[in-house]
Amino acid sequence: MSSLKPMNSFEPLETVLMGGLVGSAIVESVRLRVYDLLETPHTAQEVSVLVGLDLIATRALLQLLVCQGLIDCACDRYVNTPLATEYLVSSSPFYQGPAIELQQTSYDYVTSNLPELLKNPGKVRCQIRHKFASGKAIQGVAQHAMRGSLQDAVEFIAALPGFADMQQMCDVGGNHGRYSMALLDRNPALSAQLFDLPNVVEAFNRTKPDMVYSDRLTAFPFDLKTDDLPTNHYDLVLVSHVLQIFRDTLDETIHRIATSVAPGGWFVSHHMNADGGAPADTKAAMGFMYHVMAKVDHFIAQDDIEQPLRRLGFETFLTGSTGPGSINLVLAARKR
Ligand SMILES: C[S@@+](CC[C@H](N)C(=O)[O-])C[C@H]1O[C@@H](n2cnc3c(N)ncnc32)[C@H](O)[C@@H]1O
């Protein structure tokens, strides 16, 4: 028996299985604000004292972070790499702490309930009304968008024919309102109305970051399942990362939103792209998470949005990709 040798290396599996542990260590180091400290070089001893950790554990953690390309070590002193400086330092405009914690709550939920979720998926769906309603969740969703998809989507929308003449826009499921704010920055004549669930609007009004927008951006409590928007009213209607929640009633939901676009105005959907360039393993992991959590496919095929809009008389379809690895599609359609 002991002379038997396997034909295949176990190494690829080992790496994947260790990945969860490495992810948790990174999340914890963000929570502990290790990267705020390592904007200037520090020894392991200094980090252990200032963060309040055991010295041996600190050395092991720092070594792990070096191997992940998050910090460098020279002459026994550790310092952030540009990657950590940009995304993991709390004063950076692209800080991902709240977004990482929000993501981690989903991973933890799936991990601890996996046996049950594989037999009975979709349990998180009923919690969607509360998931996005805290100040911290709003901050997390906003910071996630700042990884690049918001900037790309805003660039795409600002280049739509007629953007400079737009006056009224609507942000359905707008949550943190950053898409609206970025578009208001690009067009001083534009005003925005944000619609979201009542508890989200309450949280939004508590955390609205900049009073500069107060007279041009108004949030309204709204339920896309039951409430109607004003008919033929907006020059631009944006629905970003919301339609996946309504996969079972996609045509009806698109119809409900699209009736609010004024003739000549644009409907813009921003969503995860089923045909995009994201690596297959990323797509499979995300697909797995959303299927077991919410029993829906987070990725939406272009045709599933385009066809209902064509039936409603929309024409001139334009598309772009957004975000790291072009993981999202932004699709614009103009009402006749
Ligand atoms: C993933 S977030 C997207 C936030 C933002 N649009 C973005 O792209 O970053 C989904 C948003 O849809 C909202 N939402 C979910 N169900 C809704 C409903 N029935 N009516 C209105 N908004 C809803 C959530 O509250 C949340 O703000």
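Indexing begins at 1, ligand by ligand and atom by atom, following the structure's order. Counting from 1, the numbers follow the sequence of the chain as shown. Because only heavy atoms are used, hydrogens play no part in the values below, and waters and symmetry mates are left out as well, while side chains stay in.
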For ligand 1, the portion of [X] having any non-hydrogen atom under 4.0 Å away:
X    : answer
L224 : both
N175 : both
F195 : neither
F204 : neither

State the atoms of ligand 1, each with its element, that fall below the 4.0 Å cut-off from a heavy-atom position in [X].
X    : answer
D223 : 18 (C), 19 (N), 20 (N)
S240 : 3 (C), 5 (C), 6 (N), 7 (C), 8 (O)
V200 : 25 (O)
V141 : 4 (C), 9 (O)
F222 : 20 (N), 21 (C)
H176 : 5 (C), 7 (C), 9 (O)

Is G173 in polar range of ligand 1, meaning some N or O pair under 3.5 Å apart?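 Yes, there is a polar N/O contact under 3.5 Å.
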
If you measure every N/O of D171 against every N/O of ligand 1, is any gap under 3.5 Å?
no

Salt bridge (charged side-chain N to carboxylate O under 4.0 Å, His left out) partners for D304, two or more places apart =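 By the salt bridge (charged side-chain N to carboxylate O under 4.0 Å, His left out) rule, D304 matches R247.
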
Verdict with supporting geometry, H270 and F156, ring-ring contact (aromatic ring centres under 6.0 Å, His included): CA-CA 11 Å; H270 185 216; F156 172 88; 9.2 Å; no

Please tell me if the side chains of [X] and [Y] come closer than 4.5 Å, counting only heavy atoms from C-beta onward.
X    : Y    : value
L183 : L236 : yes
L229 : T259 : no
V237 : V172 : yes

The option among I138, D196, V242 carrying the non-hydrogen atom nearest to atom 13 (C) of ligand 1 is D196

Min over H241, H271, R178 of heavy-atom distance to atom 10 (C) of ligand 1 lands on H241

task: Look at the aromatic rings of F222 and F195 and report parallel, tilted or perpendicular, splitting at 30° and 60°.
output: perpendicular

Strictly distance-based, threshold 3.5 Å: is any side-chain N or O of Q96 a donor or acceptor partner for the main-chain N or O of Q143? yes

So the salt bridge (Lys or Arg N to Asp or Glu O under 4.0 Å) pairs with at least one residue in residues 326-336 (sequence neighbours excluded) are E315-R336

> Strictly by modelled atom types, are D185 and Y213 linked by a side-chain donor-acceptor pair under 3.5 Å?
Replying inline: yes

